[in-house]
Amino acid sequence: MSPKAAACLVCKKPASADTRPFCSAACRDRDLLQWLGEGYRVVGPPAEDDTQKIGDYGLDSEQD
């Protein structure tokens, strides 16, 4: 039984050894941009709002 060839995660072409698990640097970069642009989401519980309540003022706002 031979192992199944890995496919690119973006375009499904055969993966290249240099850019594995992607077929090219272009597909690798497209995937990174999806993560940076919040195109992908990780499922989990809602985030707590405590961090926003602690420092909810900017440099130009009046402090108490």
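Note that the structure is predicted; figures quoted are calculated from it, not measured.
Applying the salt bridge (charged side-chain N to carboxylate O under 4.0 Å, His left out) test to every pair with at least one member in residues 6-19, sequence neighbours left out, gives no pairs at all.
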Go through the steps for C11 and C23 under the test side-chain contact (heavy atoms from CB on, under 4.5 Å), then give the verdict. CA-CA 8 Å; C11 69; C23 68; 3.5 Å; yes

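Under a 4.5 Å side-chain heavy-atom criterion applied to ILVMFWY residues, the cluster that includes L9 comprises V10, F22 as well.
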Acceptor/donor pairs from residues 27-43 side chains to any protein atom, 3.5 angstrom cut, sequence neighbours excluded:
from	atom 1	to	atom 2	distance (Å)
D31	OD1	Y40	OH	3.0

